[in-house]
Amino acid sequence: MDSSKTVSRRKADVPAIRSRASDKNQFFQEVSAQLDLRRVLGLLEDPLTTNLKERHLFVLRKTLKRSQNGFLLKELADVARILNICAAKVKDHPEYGLILCEALQICRLPFLKEKTSDELNYAQDVIEFLSHMGCLMRVSDAEVRHEIVECVKSFYSCVAPTQLLDGLRPTSPGYRLQLLEHSDLAQTLFLSMSALENQPAIKLQLLQTLQILSRSSDLNCALILEARGAEAICLHMNEPDPSGCILSRSSEILWNLLERGSREQVTRQLCSMECVVSLKEAFFQQLMNCSLPRDLQLRNDLLVVTTLIAESPNSLLIDSLFAKQLMAFVTFPELRKPKSVASSFKLSYNSEDLEMKKLLLNLLVLMSKDVAAVQLYKEEQVMLALLTLIKPPPAPLQRRPGSRHWSRFQQEELQLQALAAFSSIAPLMLDEYMCCQGNACLLLLLDWCTGKDASSGEGHSFHGTGGSGSTKAQMRYCVRTLRSVTSAGEESVNQDLCDQGIISQLLGILMQMEEGSDEDDVVTLEMKSDIQLILSALCETEMHRKELFGSEGVEMAIHFLRKGSDKFYSGLGHNKLILSTVDCVWSCIVGCYTTEDYFLAKQGVFLLLDLLSSSPRCVHGVVLATLLELCDNPSALSHILSWTDEGGRSAPRLLLQLWKEEEEELGVRRDTHGVIADPQKPILSSYQEEDSQLLFADNMLSAAVLEISENLRSKIYSIFARLGFQDLPGLSKPDHVTLSIVRRYLDFKVCEVWEEISREVRLDGMRPISPDEEALSTICRISEDAAKKVIAEQKRLLEQQEKEDASEEEHMYKEMKSHWNQQELEAKSWDRYISKSLNYETLKKHTESSRSKSELADAALHTEERFTEQVTSDTQEPVGVKLTVARASLKTGAQDQVQATAQDPEYFSTASVKGS
């Protein structure tokens with residue numbers, strides 16, 4: 001009875017207490033689950049039950065069945081211990097391997113969480129569990145290893161559990177991958193490769209897994225590289241493989257390590273002799289025996305890895321004879337050698353072969369840093385093959401019918417790649433360059449680029465930038481090659497170019513480009529500056545070449561100087577063009593009187609000074625040096641002195657302003673008026689003061705001497721030394737204050753050098769003999785006395801300036817006072833005029849006085865006329881004597897009074913008060 005009532009009450013109260021009951025049930029389930037795992041661990045680890053295999057297997061299967069939808073995050077620590085115990089028992093009892101396989105299959109499913117915070121709370125348990133999973137590769141059972149590899153691969157695919165219990169949710173998709181990066185799973189799997197020599201199928205699957213791990217994470221790549229993964233994979237890439245996939249997988253892993261790992265670390269591991277030999281065998285195996293596009297791409301990938309090894313200064317490509325064998329394919333098919341390794345090679349002229357050819361040409365540039373490689377280039381006639389590639393493409397009618405060859409687009413890409421390689425290699429092989437008539441070949445190519453029959457480029461390749469629809473890309477690299485060759489300074493090469501008329505040809509091309517090109521074209525600006533640098537290198541030391549530069553070259557330089565520096569910071573190359581133009585003036589015009597005079601006649605000095613006044617500080621040194629060289633021409637001095645800018649500033653004043661800015665940049669001590677602040681250090685910069693306590697090596701230049709070449713003061717002083725220090729136009733008193741320092745710059749610099757010598761002697765712990773010590777102290781005293789004299793002169797100039805300012809101020813006040821007096825007189829005159837107009841009696845008196853004054857003036861005029869007539873009639877002029885009678889007005893006292901009255905100020909009359 002009581003029990004039935006109790007049952008009925010429970011049924012009635014179920015909705016109210018159901019949630020609490022379910023929570024209790026869930027809690028008991030969790031506790032029982034934890035107790036189950038602990039009991040399982042106790043059963044497996046207890047010495048009394050450690051040999052109960054059947055009971056172990058039964059309990060483990062039951063436990064795995066309960067977790068068939070995934071392991072809970074909080075259970076992973078116990079699960080890892082159970083798996084490790086089973087792995088230890090597999091060797092003696094293979095039945096435990098099946099348990100491991102079932103557990104690993106469950107591990108493919110996402111881990112389960114009860115709370116959102118479980119992902120954070122149990123993150124370390126997950127990391128350790130993943131690390132323990134990699135350690136299970138020690139189990140020799142092939143099925144277990146297979147399950148481990150497949151389990152790791154499954155992490156990168158979404159596998160959701162079919163059904164879950166209430167309150168359980170799978171972890172987020174990226175949670176396990178994120179924690180995998182922080183575990184050592186990738187490194188452990190890689191290290192287990194050495195144990196898979198007898199299981200090639202598992203090894204291939206493991207390579208695929210490592211490929212996935214290295215492709216998806218930088219941290220995984222770092223872990224693999226810590227275990228010297230690049231070296232190990234390269235050494236095992238040529239192992240026998242019926243499937244043919246080990247080489248491709250290994251190549252992909254190396255690529256991933258290069259892209260996502262440390263390239264320096266990968267290169268360092270691959271530079272061993274064993275790795276280079278292994279790479280050579282793999283490459284030539286693919287090169288000679290494969291024809292499928294996939295295999296050809298793999299061949300090219302191996303060649304890319306080879307080029308990365310070639311970048312290292314410690315590469316063994318030459319010692320392993322790998323480079324020598326590659327040279328045969330670099331020169332193929334341009335040079336066909338009967339006994340060469342490439343004689344049996346068949347080129348398909350497809351895109352993969354084109355890529356391989358370009359990679360080989362790029363390899364030439366990377367290996368050219370090694371002197372042994374340059375010698376190898378000479379032996380294999382690389383220069384001749386490159387000159388064959390860069391020649392203008394033949395017309396379609398010149399090709400043999402039925403012959404296989406590169407297409408027009410492929411030929412353009414190879415031509416540009418060969419030109420890029422040629423510009424780096426030609427300066428290193430000038431003898432072979434001259435023997436193969438490299439100058440003539442380049443000039444013919446340059447002429448073809450500017451000709452009307454040149455084919456239009458497509459500009460699809462990397463080196464074809466800016467050349468779409470024209471031969472601009474070919475001209476760009478041709479000019480760049482000529483610049484690298486002429487910059488080498490080999491006189492025979494430069495003379496041969498000049499004999500073939502390169503100067504006039506380049507000047508014509510330059511002006512042609514200037515007439516029909518866009519200023520904002522980066523490639524065009526680069527070519528213009530390169531052409532000017534070529535002309536500078538050719539004409540710098542030869543007077544005859546400067547004469548060949550002639551008026552046409554001067555016109556070119558004037559044209560570019562007139563552009564100014566408005567676009568200096570455009571980022572397109574105008575800065576390089578300005579600097580190359582000034583360098584062209586310095587090298588091609590200065591030093592030859594005919595070109596100098598024509599340059600001066602075209603107002604070239606004015607343009608240089610305009611550039612000096614408007615350009616940034618980085619250009620000032622070159623422009624000042626050019627002006628200094630031009631000052632050797634006496635005609636240039638008058639041009640400098642007569643120049644003024646738009647604001648009326650003269651050239652001496654501009655130079656003094658640059659001097660002030662330079663001293664401010666150097667931190668030279670000056671007061672607010674520019675006067676020397678420290679007589680003992682009149683021109684010493686703050687940088688020299690900081691280095692004054694340092695010891696310098698014997699082969700190093702003196703800091704005081706080295707400072708001359710690093711700033712503008714020495715150049716400005718030298719220009720003033722040519723112009724003189726007296727009667728310079730456009731200078732104010734503050735400018736003369738600065739000029740007084742410039743005048744004594746050389747004396748101060750000499751004393752500064754001696755002071756540095758004395759300081760170094762003291763720092764070395766040596767004491768000079770008495771006469772030397774006295775001489776050094778005398779020099780320092782002379783410098784200080786000279787600085788004091790300059791300070792006195794500067795103060796005198798400043799005092800004179802103050803007096804002039806005071807005088808000008810006084811004169812200004814006098815003018816202001818005169819102006820106000822004038823205004824007062826005008827006001828009084830206006831008042832008198834108004835009073836006369838408004839008062840009748842005053843107006844009547846004024847009218848009568850005016851009338852009487854006019855009558856007296858008429859009477860005096862008639863008396864004067866009668867007197868003059870009488871004198872004329874009574875006087876008889878003697879012979880030879882000429883009498884001239886001058887007419888003069890006779891004034892009486894009344895007339896003077898009338899005249900004084902007539903000058904009364906009227907309206908609109910003006911009066912001067914300057915004499916008052």
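Note that the structure is predicted; figures quoted are calculated from it, not measured.
- Checked for salt-bridge contact, Arg215 and Glu259 miss the test: no charged N lies under 4.0 Å from a carboxylate O.
- The structure places OG1 of Thr306 at 9.5 Å from CG of Leu359, a figure rounded to the nearest 0.5 Å.
- With values rounded to the nearest 0.5 angstrom, Glu252 atom CD is found 6.5 Å from Asp301 atom CG.
- The pair Glu352-Lys357 fails the salt-bridge criterion, with no side-chain N (NZ, NE, NH1 or NH2) lying under 4.0 Å from an Asp/Glu carboxylate O.
- Taking 4.5 Å as the limit, every side-chain heavy atom of Thr331 sits out of range of all side-chain heavy atoms of Arg336.
- Looking at Arg138, its side chain does come within 3.5 Å of a backbone N or O of Cys135 through a donor-acceptor pair.
- A salt bridge links Asp353 to Arg299: one of the charged nitrogens lies within less than 4.0 Å of a carboxylate oxygen.
- Met367 approaches Tyr377 most closely through the heavy-atom pair CB-OH, 3.2 Å.
- Judged purely by distance below 3.5 Å, without hydrogens or angles, the side chains of Ser214 and Asn220 never pair a donor atom with an acceptor atom.
- The structure places CG of Leu196 at 10.5 Å from NE2 of His236, a figure rounded to the nearest 0.5 Å.
- Judged by distance alone, the side chains of Asn314 and Ser312 never bring a donor and an acceptor atom under 3.5 Å apart.
- The pair Lys324-Glu380 meets the salt-bridge criterion, with a side-chain N (NZ, NE, NH1 or NH2) lying under 4.0 Å from an Asp/Glu carboxylate O.
- For the pair Arg145/Ser140, a side-chain contact is recorded, criterion being any heavy-atom separation below 4.5 Å from C-beta on.
- Between Lys358 and Glu355 there is no salt bridge, since no side-chain N of the basic residue sits under 4.0 Å from a carboxylate O of the acidic one.
- In this structure, Ile85 and Leu41 have side chains that are in contact, with non-hydrogen atoms separated by less than 4.5 Å.
- Atom NZ of Lys115 has 12 or fewer neighbouring heavy atoms from other residues, nucleotides or ligands inside a 6.0 Å radius.
- Under the 4.0 Å criterion applied to side-chain N and carboxylate O atoms, Glu45 and Arg81 are assigned as salt-bridge partners.
- Closest of all the heavy-atom pairs between Ala230 and Leu225 is CB-CD2, 4.0 Å.
- Here the CG atom belonging to Leu303 is positioned 9.0 Å from the CG atom belonging to Leu287, to the nearest 0.5 angstrom.
- Residues Thr171 and Glu119 bring no donor and acceptor atom of their side chains to less than 3.5 Å of each other.
- Contact between Cys275 and Leu235 at its shortest, heavy atoms only, is N-CD2, 3.9 Å.
- A donor-acceptor pair under 3.5 Å links the side-chain atoms of Ser250 to the main chain of Ile246, judged by distance alone.
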Quiz prompt | Pair Leu364-Met327, side-chain contact (heavy atoms from CB on, under 4.5 Å): steps then yes or no | solution = CA-CA 9 Å; Leu364 293 176; Met327 290 305 107; 3.7 Å; yes
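- Taking the side chain as every heavy atom from C-beta outward, Leu206 and Phe190 never approach each other to under 4.5 Å.
- No side-chain heavy atom of His56 sits less than 4.5 Å from a side-chain heavy atom of Glu95.
- Looking at residues two or more places apart in sequence or on another chain, you find no salt bridge (charged side-chain N to carboxylate O under 4.0 Å, His left out) involving Lys62.
- In this structure, CG on Leu207 lies 11.0 Å from CG on Leu189, to the nearest 0.5 angstrom.
- Taking 4.0 Å as the cut-off between side-chain N and carboxylate O, Glu114 and Arg169 do not count as a salt-bridged pair.
- Note on ring orientation: taking the six-membered ring where Trp is involved, the planes of Phe284 and Phe329 are tilted (angle from 30° to 60°).
- At least one side-chain heavy atom of Cys271 sits less than 4.5 Å from a side-chain heavy atom of Ile309.
- Ser407 places a side-chain N or O within 3.5 Å of a backbone atom of Gln410 that can act as its donor or acceptor partner.
- When all heavy atoms are compared, the tightest approach of Ala373 to Ile318 is N-CD1, 3.4 Å.
- Each of Val40, Leu98, Leu100 was scored for a side chain to side chain contact (heavy atoms under 4.5 Å, CB included) with Leu60, with one residue passing: Val40.
- Note that CD of Gln187 and CG of Leu219 are 12.0 Å apart. Values are rounded to the nearest 0.5 Å.
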Quiz item: Is there a side-chain contact (heavy atoms from CB on, under 4.5 Å) between Val276 and Leu317 once you walk through the steps?
Solution: CA-CA 7 Å; Val276 173; Leu317 295 179; 3.9 Å; yes
Practice problem: I would like to know whether Lys113 and Lys74 meet side-chain contact (heavy atoms from CB on, under 4.5 Å); could you show each step before the answer? | Solution: CA-CA 8 Å; Lys113 61 182 178 180; Lys74 63 182 181 181; over 6 Å; no
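- Residues Ser278 and Cys234 come closest through the heavy atom pair OG-O, 2.6 Å.
- A heavy-atom distance below 4.5 Å is found between the side chains of Asn84 and Leu136.
- At a threshold of 4.5 Å between non-hydrogen side-chain atoms, the residues Leu296 and Asn350 count as touching.
- For an aromatic pair to be called close, the ring centres must be under 6.0 Å apart, and Phe129 with Phe111 satisfies this.
- In summary, the aromatic rings of Phe155 and Tyr175 are positioned with their centroids too far apart to meet the 6.0 Å limit.
- Remark: Phe345 CZ is packed, more than 12 non-hydrogen atoms of other residues, nucleotides or ligands lying under 6.0 Å away.
- Within 6.0 Å of CG on Asn289 lie more than 12 heavy atoms contributed by other residues, nucleotides or ligands.
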Exercise. Apply the test side-chain contact (heavy atoms from CB on, under 4.5 Å) to residues Ile106 and Glu102: give CA-CA distance (whole Å), side-chain angles for both, the deciding distance (0.1 Å), then the verdict.
Key: CA-CA 6 Å; Ile106 297 175; Glu102 293 181 13; 5.6 Å; no
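- For Arg228 and Glu231, the salt-bridge test passes: some basic side-chain N is under 4.0 Å from an acidic carboxylate O.
- Leu104 and Val144 get closest at one heavy-atom pair: CD1-O, 3.8 Å.
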